[in-house]
Amino acid sequence: MAEAPNVVFHAYADSGVLITGGTSGVGLASAIQFAQAGVRRIGLVGRNAERGENARQAVLAVCPEASVFFFQGDANVLEQAQRVVAEAAEKLGSIDVLLNSTIDMSRYTPEPLINLSAADIGPTMMSVVLAPMHMSCLVLPYMKQRRGGVILNVASDAAKVPTPGETILGAAMAAITVFSRTLAMEAKRFGVRVNCLTPSLIGGTTTAAHVQKGGFSAKLFAQVESMASLGVCSPDDLAAMIVFLGGPQAGKITGQVISVNGGISAG
C-alpha cells in the first residue's frame, strides 16, 4: 500500500519520546513499555525532581542502554513548558512522540455542582486542559520539521459519559478530546497524528486511592468498578495502547478518542 507523500513514519528505534507526567502511573508505565519496544531516547517531565530521578532509574532498570532524561517543570505554566520543550528537543535530538498524561486527581474530588464553589471552576478547568494544550502547541513545529510525529493525550471517559459529580471535570476532559480531534485534522498535512485515550478508573494509582477514600466519590467509583466486567484497567493496560499508537504500525490512525476501561462504557 502506498504511503502518503512527504510523510515519515518513525520506527521506535528512530524516535525520541517525550512524556509529560512521566514520573508515575500511566506516564511511567508508557516510558517503560516504549523502552521495551525499542525506543532509546526518552524524556520524562514532572514537577518533583526526586520522583523524576526515581522514574528515570526505573526505565533504565528495564533498558540500561536507553538515554533517559528528566525535565523538571509544570507544563500548566507556559514559561516552564517552553523551557522543558526546548531542553527536550536539544537532549533528545528529536521529539517524535509526545504523550501528555498529566491528569492529577489528587487535588480534585468528584462532587455535584451544587456542593462546589464557583471559585473552584476556573482552577479545576485550567489544571486539566492547559498542560496538554501547551505541550502540543510547542512540540508541533518540531514534528512538522521532521515531516511526521505522534501526539497522544490522556483524558477520561468523563468526557463521553455524563457522570454525576464530574460536571466540571467532564467539561475539562471534553475540551481535551475535542482539542485532540481538531488538532488531528489540522496536523495531518504535516504527517502528524493526534489521538486521545479516555480511561475510566485506573487501578493501582494515587488517583484511584484518592477518589476511593470515602464519601460521594467513593460511592461513585465503587459503582464504576462494579461495571468493569473485563477488569479494572491498570497503567500497563493504557501503556500498551499508547505504545501501539505511538508506533509506525498505527500510521493511519488519527483523530480517534479511544476508551480503555474494561467494559465500563462503550462509545
Side-chain angles (χ1 to χ4, degrees), residues 12 15-108 126-139 142-143 149-155 176 197 199 202-210 234-240 242-243 246:
Y12 292 120
S15 295
V17 174
L18 183 63
I19 302 177
T20 316
T23 62
S24 63
V26 172
L28 178 55
S30 298
I32 290 171
Q33 290 195 30
F34 269 120
Q36 292 171 328
V39 174
R40 293 297 176 262
R41 294 176 286 125
I42 299 173
L44 309 175
V45 181
R47 296 188 297 266
N48 185 285
E50 182 178 358
R51 288 176 61 182
E53 179 59 22
N54 289 340
R56 196 179 75 85
Q57 292 300 327
V59 179
L60 288 172
V62 172
C63 185
E65 62 270 30
S67 296
V68 185
F69 304 93
F70 171 66
F71 304 103
Q72 186 173 9
D74 183 348
N76 286 308
V77 180
L78 177 57
E79 293 78 9
Q80 295 186 39
Q82 290 170 324
R83 173 180 51 77
V84 163
V85 169
E87 291 176 358
E90 179 180 357
K91 292 287 187 179
L92 295 176
S94 65
I95 302 174
D96 304 294
V97 179
L98 170 67
L99 168 62
N100 293 308
S101 179
T102 56
I103 307 304
D104 181 7
M105 292 277 288
S106 64
R107 295 178 291 179
Y108 173 86
M126 293 302 99
S127 69
V128 172
V129 303
L130 282 182
M133 291 183 181
H134 281 161
M135 295 299 286
S136 298
C137 183
L138 293 168
V139 165
Y142 292 97
M143 293 183 173
V150 181
I151 296 173
L152 299 168
N153 294 318
V154 178
I176 295 174
L197 286 89
I202 306 174
T205 63
T206 55
T207 293
H210 175 72
S234 69
D236 285 338
D237 294 322
L238 270 294
I242 286 165
V243 172

Donor-acceptor contacts under 3.5 Å from residues 26-36 side chains, at least two apart:
from  : atom 1 : to     : atom 2 : distance (Å)
Ser30 : OG     : Val26  : O      : 2.8
Gln33 : OE1    : Ala240 : N      : 3.4
Gln33 : NE2    : Asp236 : O      : 3.2

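- The two residues Thr20 and Ala75 have their closest heavy-atom pair at CG2-CB, 3.8 Å.
- In this structure the side chain of Asp96 never reaches within 4.5 angstrom of the side chain of Val17, judged on heavy atoms.
- One finds the CE atom of Met143 at 7.0 Å from the CD1 atom of Ile95 (value rounded to the nearest 0.5 Å).
- Shortest non-hydrogen contact noted between Ser136 and Asn153 is OG-OD1, 3.9 Å.
- Judged by distance alone, with hydrogens and angles left aside, the side-chain atoms of Arg41 form no donor-acceptor pair with the main-chain N or O of Ser67 at under 3.5 Å.
- The CG atom of Leu138 sits 12.0 Å away from atom CZ of Arg83, with the distance rounded to the nearest 0.5 Å.
- Remark: Phe71 CZ to Glu90 CD distance equals 9.0 Å, nearest 0.5 Å.
- Rounding to the nearest 0.5 angstrom, the gap separating the CE atom in Met135 from the CG atom in Leu18 is 4.5 Å.
- The two atoms that bring His134 and Ala81 nearest to each other are CB-CB, 4.2 Å, heavy atoms only.
- Within the model, atoms CG of Asp74 and CG of Asn48 stand 12.0 Å from one another, a figure rounded to the nearest 0.5 Å.
- In this structure Glu65 satisfies the salt bridge (charged side-chain N to carboxylate O under 4.0 Å, His left out) test together with Arg40, sequence neighbours excluded.
- Evaluation of the side-chain hydrogen bond (donor to acceptor under 3.5 Å, both in side chains) rule for Tyr142 yields no partner, not counting sequence neighbours.
- At least one side-chain heavy atom of Val128 sits less than 4.5 Å from a side-chain heavy atom of Ile176.
- Taking all atoms of both residues into account, the shortest heavy-atom contact from Asn100 to Ala131 is OD1-O, 4.5 Å.
- Gly46 and Thr23 get closest at one heavy-atom pair: CA-CG2, 4.2 Å.
- The shortest heavy-atom contact between Ala155 and Pro199 is O-CD, 3.5 Å.
- Rounded to the nearest 0.5 angstrom, Glu53 CD and Leu44 CG are separated by 10.0 Å.
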